[in-house]
Structures are given as structure tokens and as C-alpha cells.
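Everything on this sheet refers to the single structure shown next.
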Amino acid sequence: MFPDVRRDFPLLTRTVRNGKPLVYLDSGATSQKPHAVLNAEADFYQFHNGAVARGAHLLAEEATDAFETARSEVAAFIGAPADELVWTPGATQALNLVANGFAAASDGLGGLEARRFALGEGDEIVVTEAEHHANLIPWQQLAARTGATLRWIGLGDDGTLRYEELESVITERTRIVAFTHVSNVTGVVTDVAAIVARARSVGAITVLDACQSVPHLPVSVANLGVDFAAFSAHKMLGPTGVGALWGRKDLLDALPPSIYGGSAIKIVTMEETTWLDAPQRFEPGTQPVAQAVGMAAAARYLGGLGMDAVAAHEAHLAAILREGVSEIPGVRLIGPVSAPLGVLGIAAVAVDGVHPHDVGQVLDDRGIAVRVGHHCAQPLHRRLGLTGSTRASGHVYTSEDDVRAFLEVLATVPSFFGVTV
Ligand code: PLP
């Protein structure tokens, strides 16, 4: 039995909409934070706050220690060494950092060692039709800037990837394959090994959007065999404003930076600049130190629960949620009920004849918080003939009761709007 951790999350004790208990099912957008994370951040500000990597006073030293210890802990959480983890403001910026590094190299920046990242006409970048916009638009822009061509692995009618297209879409011309580990709409876990094997066989660099996997599954970047991975603290019980880019050290040391400023440099003259090695070359400016400390506290908290247990809890919730939804007349589940590598605690649904915002309002009125709209995945919705959906998504604090409350209210939606099913 997964432990009931709800009492660790102060926000979950509040009521909403005229005293109703909160049923929080919007964790795919952002998760709630346990005391352990809130206290870690408060402790940093109360006792150790100082600027990192500069200053000779004790607080600067303590802040730098806390920042670098947090880096080691978050890196260890994904099975990586500390010097392969770059702090970023979030996953979106992490993915942009990689794409913009390729763009800078394509402009001739970064010297000889960056040439491996230079793209031009005839080169191809591959994504999937399931991507969150954060892992689609940076690659579209990179293609537009360099003359490379963007291609994608399509989705079947059930909203899962058409792996049979791997051979024809990923070819000798492919330089980058960027794809999500877990869909933020269907919750389906991607067969990373299959995509990495094909990408490697043609010498392409792989970029994994691990935003919806690191918070919910045991993730080892070394075992997955990808080259870069991006994730955000706020979806894994940590604070907003911080996330990480993980990259293989040889790649990070060669990738040109694309955000410039203080602290990331070796020597600056009026004519030119030389950069520190990774990860510091990607971290100019004042860093989100308290947030990094909070992210490490979140990793410790999740590690304490055990990521295998977290994944099993999420799979259990997903099964109840998805089977329950698939049995409600007039409600369509986006994606399959189950999948070969699993589905996490998410269900996005479309209710025949009712706009997702209206579905969300009925749920909200009963104290149930969900996400409505396209969830930053317009191509996926368009492929399935939809403009949007209503998404329930859980986390470690989500209970079977939460899921049942959602299903119960969802079942009333068609008749509430006079839709006959
Ligand atoms: N990728 C996926 C799959 C996501 O679900 C999200 C957030 O919703 C992102 C990327 C972007 O993450 P962030 O907004 O934290 O940068």
C-alpha cells in the first residue's frame, strides 16, 4: 500500500468553492509542495542566503555549498554526475538551450569543437506529433534558422506513436531526434530504447523531454541512453523557477552557450570572451539558489518514498481513472486505456457536445481542479480531431477517492448539459 502522504502538503488541507474539500487533479500542470520543500527554501533564505560562486564571505560560501550539493542530489536522482547537470529556469528553457546551442553552432560560433552541432540544408530534425509545444517550437525555429527540415513520427488513431515509422522518418540525414518520455496528454510511456536505437544507428543526437517522467518514474539517463534530457522542479513537488538540463559531458562542453553574461566566463576582453566548461558556461547571471535547494529537497522526498513505489501508485491510479472514464457513455478517453510500457496517472477526456471549459467548470464547482484546453499539445489534439480536452492528473498525494470523485462528477456532465448519450 502506498502511504497516505496528503498531510505533508499544507495546501491540500484548504477548502475551495464554499467550503468544499479540494480534489487537486492538475498535477500535470504543476504539483503541490510538501513541507520538506517549503522548509528547505525558507531555511536557505533565513540562514544561508548569499550570491553563489562569488564573494569571499561565509554566507557566499554556504550558499555556494548548498547550490552545488543540490546539483549533486538532483543529478544523482536521474543517475548522472553533478557536472552534467545545468540549472535552468525550467524544462522549456532547457530545451531552448539545446536548440539555440545548435543554432549558434550553425552560425559558426563555438569554434571547431562546436561543428558537430552545425546544421544546414539537407539536415533533418525529427520530433513526434505528441510533443508539448516546449519540445516542438524550439526545433521548428532551429529548422527555420538553419535551413534544416523538420520531420515527425506520427500518431495512430489511438493517440500513440507509430513506431513503424521510425525507419522511414529517422534516416542518414537525421541529426537530432527530440521526443517526450511520457505524453502530457495521454500519459503513455514512450519506448525510449526503440527510438534511441534507431537514432544511434544513424548517428543522431537524442533529446528527451523528461518533464512528465522524472516526477513519476525511476529515471536513469545513463540507462535510457539519450544525449540530453530536460525536466522542471515544479512538476516534481519542487518550486517554480528552476529546472535542469542534463547532457553528456562531452556534448555539454562543446555546445555553444546561447545566453550570455557574468559568472559563465573565463576571460573577457573588449573584443571577445572565453567560456568556462559545462555546466557553468550555461549559467550566467544570478542563479535560483533557494529554488535549487528546494528542488533537491523534492528529489530527497520522492527518493524517500521510492520511485518504484511512486510509479506503481501512479499506474494504479491511471488504471482506475482510465478504465472508469472509458465506461462513461458520451465521454471519450484520449489515448489507450493501457499501453505496453505503462500509462501514468493522467486521463484527458473529451465529452461529446460539451466544451472542455464547461466540463472544467462543472468539476471546479464541486471542488475538483483539472486542466482544460489543448495542454500545449495542439498537434496531438488536431490529429485526433479535437481542439482541446479536459485533463485529470495526479501525483503522490492523489488518492483513489480523488479519482472516484472525478469520475462521479464527470459522469453527470453530459446530462448536465442536456446531451443525450
Ligand atoms: N514538456 C512537457 C511534456 C510538459 O508537460 C511541460 C509542462 O507542461 C513542459 C515540457 C514545459 O515545462 P515547463 O513549463 O516547466 O518549462
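As the structure lists them, so they are numbered: ligands from 1, and atoms in each ligand from 1. Numbering starts at 1 and runs along the sequence shown. Keep in mind that what you see is a predicted model, and the values were worked out from it rather than measured.
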(request) Verify whether the ring centers belonging to Phe67 and Trp87 lie closer than 6.0 Å. (result) yes

Give the atom numbers and elements of ligand 1 that come within less than 4.0 Å of a heavy atom of [X].
{"X": "Thr92", "result": "11 (C), 12 (O), 13 (P), 14 (O), 16 (O)"}
{"X": "His234", "result": "13 (P), 15 (O)"}
{"X": "Ala91", "result": "12 (O), 16 (O)"}
{"X": "Asn184", "result": "3 (C), 5 (O)"}

(message) Would Gln93 count as being in polar contact with ligand 1, using the rule that some N or O on each side must be under 3.5 angstrom apart?
(response)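 No; the residue has no nitrogen or oxygen that sits under 3.5 Å from a nitrogen or oxygen of the ligand.
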
(message) Can you confirm, on distance only, whether ligand 1 has an N/O atom lying under 3.5 Å from any N/O atom belonging to Thr180?
(response)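 N/O-N/O distance under 3.5 Å: no.
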
Going by distance alone, is a donor N or O of one side chain under 3.5 Å from an acceptor N or O of the other, for [X] and [Y]?
{"X": "Trp246", "Y": "Glu84", "result": "yes"}
{"X": "Ser31", "Y": "His234", "result": "no"}
{"X": "Asp402", "Y": "Tyr397", "result": "no"}

(request) May I ask you to identify, for Asp209, whether its side chain, its backbone, both or neither come under 4.0 Å of ligand 1 on a heavy-atom basis? (result)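 The answer is the side chain of Asp209.
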
(request) Can you figure out which of His375, Gln212, Lys235 has its heavy atom closest to atom 5 (O) of ligand 1? (result) Gln212

Test your reading of the model: is there a side-chain donor-acceptor pair from [X] to the backbone of [Y], 3.5 Å cut-off?
{"X": "Thr190", "Y": "Thr180", "result": "yes"}
{"X": "Asp123", "Y": "Leu119", "result": "no"}
{"X": "Asp107", "Y": "Leu109", "result": "no"}

Report the nearest protein non-hydrogen atom to [atom]: residue, atom name, distance rounded to 0.1 Å.
{"atom": "atom 15 (O) of ligand 1", "result": "Ser232 OG, 2.6 Å"}
{"atom": "atom 12 (O) of ligand 1", "result": "Cys211 SG, 3.5 Å"}
{"atom": "atom 4 (C) of ligand 1", "result": "His132 CD2, 3.2 Å"}

(request) Quick one: do Leu237 and Val396 satisfy side-chain contact (heavy atoms from CB on, under 4.5 Å)? Show the steps, please. (result) CA-CA 9 Å; Leu237 316 180; Val396 294; 3.9 Å; yes

